[in-house]
Participant: 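Mind looking over this structure? Questions follow.
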Amino acid sequence: MAKHTDTRPAHHRIAAQIRAEIMSGDLTASQQLPITQDLVTQYGVSSQTIQRALGLLKAEGYIVGRSGRGVFVRDSPQQALDSVATMPPAPDGEPYVWIKEAAKQSKTGTNKILRVAEVVPPTQVRDALGLEPGETVAMRERLLLLDEDPAELVSSYYPMDIAQGTALLERKKIKGGSPTLLADQGYPPREMVDRVSCRPPTEEEFVGLELPTEVPVLRTFRVVYSDFAKPIEVTVMVKAAHLHELLYRVPLDRD
């Protein structure tokens, strides 16, 4: 079998190496990168190739140039919000838990409703909810923002026997978020199952998340179950892989 080699352009390979060092913490927030000539020597390429590599990383938000000083790693280039912590209903009078989790990262979390409708769901959603072909669901599409920057596209689907006559079918924000509404309706979230994949963005995702280049996106397909293993919500979450990490904090000792 022929030996596999990296056939990507040199500036992509260099950007990948620097990106990995930033994500691993070997290059820390606010740390200055070596000057161009040192990078030329290190990687054995032209200064133009180095500039193209740095241009990719600047566009992705990993580094920033400071006039007369050099190039530096940006502060907290990746965000990691606790995915499990957002599931419980919000306590009375408190905001949607995702907003509180964003605040822990010193970020202002907001959400913008893009669409609310009764639709025939995608096949994967239909199967997860145990519906028959042609059955409709309530769908809520939102754009989550961190400090006014697009962070995540979210599409949530609910069986009509749960959603009918509730705020799930109204184009307005739900106080405390959907977990609170579902619990109030007698369907407290008991378990969630996530399937995470990575792929290139669709046109809608590229535009909606304001992606700088053809960076991959993380897609989380989440099914939430209530009592008696009843599926009550399916949510598809898409976020830019170069800016976000998935954080799961799950207790292992259940005794």
Side-chain angles (χ1 to χ4, degrees), residues 12 15-31 53-64 72-88 95-114 124 140-157 177-179 192-224 233-250:
H12 280 273
Q17 180 60 38
I18 296 174
R19 188 186 300 114
E21 292 177 13
I22 293 173
M23 294 179 66
S24 69
D26 290 335
L27 289 173
T28 59
S30 300
Q31 181 175 341
L54 297 181
L56 284 177
L57 295 171
K58 288 177 182 177
E60 293 174 8
Y62 281 100
I63 62 175
V64 60
F72 296 79
V73 178
R74 291 191 64 175
D75 294 338
S76 303
Q78 285 196 301
Q79 298 297 319
L81 300 184
D82 191 331
S83 298
V84 177
T86 62
M87 286 310 304
Y96 179 33
V97 179
W98 185 84
I99 296 175
K100 294 174 61 178
E101 287 300 307
K104 292 179 182 179
Q105 303 286 335
S106 300
K107 296 285 184 178
T108 299
T110 56
N111 72 89
K112 177 181 178 181
I113 299 175
L114 302 179
Q124 188 183 25
R140 298 178 62 84
E141 290 184 347
R142 295 171 292 146
L143 174 64
L144 304 187
L145 303 103
L146 291 172
D147 290 347
E148 301 303 319
D149 293 325
E152 189 169 34
L153 285 168
V154 179
S155 298
S156 297
Y157 304 86
S178 61
M192 73 175 196
V193 177
D194 281 3
R195 297 180 63 176
V196 182
S197 56
C198 187
R199 58 164 171 75
T202 64
E203 181 178 0
E204 178 185 10
E205 293 160 357
F206 187 90
V207 174
L209 294 174
E210 299 181 9
L211 301 178
T213 58
E214 182 74 356
V215 296
V217 292
L218 290 171
R219 177 184 184 268
T220 303
F221 184 86
R222 172 175 294 174
V223 185
V224 180
E233 177 184 72
V234 171
T235 297
V236 180
M237 296 163 278
V238 178
K239 56 175 69 68
H242 72 296
L243 293 178
H244 299 276
E245 294 179 339
L246 299 177
L247 172 63
Y248 292 91
R249 186 176 290 109
V250 182

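Side chains are part of it too, since the values below use all heavy atoms of this structure and drop only hydrogens, waters and symmetry mates.
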Participant: Where do S30 and F72 come nearest, in terms of heavy atoms and distance?
Facilitator: O-CD2, 3.3 Å
Participant: Drop me the distance from L143's CG to L209's CG, to the nearest 0.5 angstrom.
Facilitator: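 Answer for the CG-CG pair, L143 versus L209, is 7.0 Å.
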Participant: Taking only residues two or more places apart in sequence, or in another chain, which ones meet R199 in a salt bridge (Lys or Arg N to Asp or Glu O under 4.0 Å)?
Facilitator: E205
Participant: Atom CZ in R19, atom NE2 in H242: separation rounded to 0.5 Å?
Facilitator: 8.5 Å
Participant: What is the minimum heavy-atom distance between V215 and P201, and which atoms define it?
Facilitator: O-CD, 3.2 Å
Participant: Specify the closest pair of heavy atoms between S155 and E141, including all atoms of both residues, with the distance to one decimal.
Facilitator: OG-CG, 3.6 Å
Participant: Please find the pair of heavy atoms, one from E233 and one from S178, that lie closest to each other, and give the distance.
Facilitator: OE2-OG, 2.9 Å
Participant: Working to the nearest 0.5 Å, report the span between CZ of R219 and CG of L153.
Facilitator: 12.5 Å
Participant: Hey, what do you get for CD (E21) to OH (Y62), rounding to the nearest 0.5 Å?
Facilitator: 13.0 Å
Participant: Hey, are the side chains of T220 and E152 touching, using non-hydrogen atoms and a 4.5 Å cut-off?
Facilitator: no
Participant: Between G109 and L146, which heavy-atom pair has the shortest distance, and what is it?
Facilitator: CA-CD2, 4.3 Å
Participant: Could you work out, with salt bridge (Lys or Arg N to Asp or Glu O under 4.0 Å) as the rule, every residue matching D147, not counting sequence neighbours?
Facilitator: K107
Participant: Could you check if a side-chain atom of L246 sits within less than 4.5 angstrom of a side-chain atom of K239, using non-hydrogen atoms only?
Facilitator: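 Side-chain contact under 4.5 Å: yes.
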Participant: Do T235 and V154 have side chains that approach each other closer than 4.5 Å (heavy atoms only, starting at C-beta)?
Facilitator: yes
Participant: Less than 4.5 Å apart, side chain to side chain, heavy atoms only: is that true for V217 and T202?
Facilitator: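 Answer no - side chains too far apart.
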Participant: How long is the gap from CD1 on I63 to CG on L54, to the nearest 0.5 Å?
Facilitator: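 It is 4.5 Å, given to the nearest 0.5 Å.
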Participant: Can you name the closest pair of heavy atoms from C198 and P216 and give their distance?
Facilitator: SG-CB, 3.6 Å
Participant: Hey, what do you get for NZ (K112) to CG (L144), rounding to the nearest 0.5 Å?
Facilitator: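 Separation between the atoms: 12.5 Å.
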